[in-house]
Amino acid sequence: MQLKLALIGFGVVGQGVAKILGDRGEFFRSRYGADLVITAVTDVKKGAVADPKGLNPKALLDHLEQHGDLTTFPAPERGWDALTTIQRAEADVVVEVSWTDVKTGGAALGHLREAFACGKHVVTTNKGPMVVAPWEMLEAAGRAGVEFRFEGTVMSGTPVISTAWRGLRGCEITGFSGVLNGTTNFMLTRMEEGLTYEQALAEAQRLGYAEADPSGDVLGWDAAGKVVILTNTVLRCPLKLEEVQLATGITEITPAQVEEAKRAGQRWKLVAQAAVEDGQVRASVLAKRIPLADPLAGVMGPTNAVTFHTDLLGPVTIVGAGAGQKETAFAVISDLLDIHSALVARQR
Ligand code: HSE
């Protein structure tokens with residue numbers, strides 16, 4: 001089955017999606033029967049193009065590299081903003097990978113609303129809408145009768161939400177704890193290796209782990225957003241961002257403190273957790289010194305981990321990539337392939 005895709009945002013993740021489709025499109029067709037075709041791309045900085053017959057992903061990336069934007073890319077339609085693209089592009093799936101704002105939801109909130117109103121399936125890695133209005137998004141998708149996936153909002157392509165929703169179906173998940181921010185975990189690892197805070201941050205930004213505004217990473221807002229997403233969509237308990245207990249993230253951790261913890265057989269981690277007791281949720285994102293024997297202490301670099309506490313299976317820990325271009329783009333790909341399977345099943 002063919003799925004036509006409208007990419008809303010052509011930054012790190014959008015380009016990563018185009019790269020994977022360029023490299024593996026044929027494999028997806030032969031292995032899964034999934035013909036994933038980009039028919040529109042729109043980006044506030046790089047311009048917009050659309051072609052119902054399909055835009056070659058490699059050609060898009062080459063053009064961007066040579067010209068810095070897509071404004072002169074040959075296509076029958078150009079210049080559409082995000083909402084126009086959602087409304088007019090010949091697309092089955094809206095792939096929302098634009099700028100993230102976990103405090104307001106940003107423009108992405110409007111993009112998802114419009115996509116559902118237009119009856120489009122949606123894949124997003126954008127935390128904004130799922131932090132600010134998770135129930136509205138889930139209900140809008142349900143009302144529209146469309147498929148909606150957002151695996152990449154937490155731990156990039158590591159299958160956290162799909163594992164909780166499908167693999168752990170039948171268990172009660174009462175809480176979770178984890179290392180949910182790749183930037184800060186990478187920085188703490190590099191600081192332990194001798195880098196200053198500033199050097200570690202610059203490296204995290206260069207490698208594409210950090211948000212466009214990295215203050216959200218280092219202060220804990222990004223991890224808190226992920227706590228909100230998991231609490232609402234996996235624990236199924238309402239929780240707002242401002243209800244997550246936050247302090248100063250990792251901003252006040254000094255190289256001397258990192259060294260001191262090391263000498264004591266401990267390690268600093270930004271621990272994100274939530275638990276439900278008597279119907280009440282308690283959630284926090286706090287920098288903590290944890291013993292090396294703790295499984296979370298062994299999670300290094302941009303790797304993330306989450307332990308789900310379940311009644312029938314006990315603790316279940318998932319360890320994997322938490323950030324990165326290829327890793328987050330993979331989340332989009334796995335969601336698209338999952339939607340493809342669901343749509344094929346609907347036809348039976
Ligand atoms: N800035 C985020 C992180 C990206 O470092 O984990 C993935 O959400």
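Each ligand, and each atom within it, is numbered from 1 in the order the structure gives. Bear in mind that the values here come from a model prediction, so they are computed numbers and not experimental data.
Residue contact check: G322 has heavy atoms under 4.0 Å from atoms 6 (O), 7 (C) of ligand 1. With ligand atoms numbered from 1 in the order given, ligand 1 contributes 1 (N), 2 (C), 3 (C), 4 (C), 5 (O) to contacts under 4.0 Å with heavy atoms of Y209. Against a heavy-atom cut-off of under 4.0 Å, E211 is close to the following atoms of ligand 1: 1 (N), 2 (C), 4 (C), 8 (O). Near D217, meaning under 4.0 Å from any of its heavy atoms, are these atoms of ligand 1: 1 (N), 2 (C), 3 (C), 5 (O). Within the listing of ligand 1, atoms 2 (C), 3 (C), 5 (O), 6 (O) sit less than 4.0 angstrom from a heavy atom of N181. Each of the atoms 7 (C), 8 (O) of ligand 1 lies under 4.0 Å from some heavy atom of K127. When each atom of ligand 1 is checked for a heavy atom of G182 under 4.0 Å away, the hits are 3 (C), 5 (O), 6 (O).
No side-chain N or O of H111 forms a donor-acceptor pair with one of T124 less than 3.5 Å apart. Side-chain N/O atoms of T196 and Q199 include a donor and acceptor closer than 3.5 Å. S98 and E96 form a side-chain donor-acceptor contact under 3.5 Å, judged by distance and modelled atom types alone.
Geometrically, ligand 1 and N304 share no nitrogen or oxygen pair separated by less than 3.5 Å. Between K226 and ligand 1, an N or O atom pair is found at a separation short of 3.5 Å.
A salt bridge does not link D92 to K120: none of the charged nitrogens lies less than 4.0 Å from a carboxylate oxygen. Here D69 does not pair with K45 in a salt bridge; the nearest charged N to carboxylate O distance is not below 4.0 Å.
Both tests pass for K103 against the ring of W221: distance under 6.0 Å to the centre and angle within 45° of the axis.
For S156, the heavy-atom gap to ligand 1 stays at 4.0 angstrom or more.
Residue-level proximity to ligand 1 for V154 is absent, since no heavy atom of it falls below 4.0 angstrom.
Minimum heavy-atom separation, V228 to L239: CG1-O, 3.3 Å.
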Yes or no on salt bridge (Lys or Arg N to Asp or Glu O under 4.0 Å) for R190 and E193, after CA distance, side-chain angles and deciding distance?
CA-CA 5 Å; R190 297 295 280 136; E193 290 164 0; 2.5 Å; yes
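Closest protein heavy atom to atom 5 (O) of ligand 1: T183 OG1, 2.6 Å.
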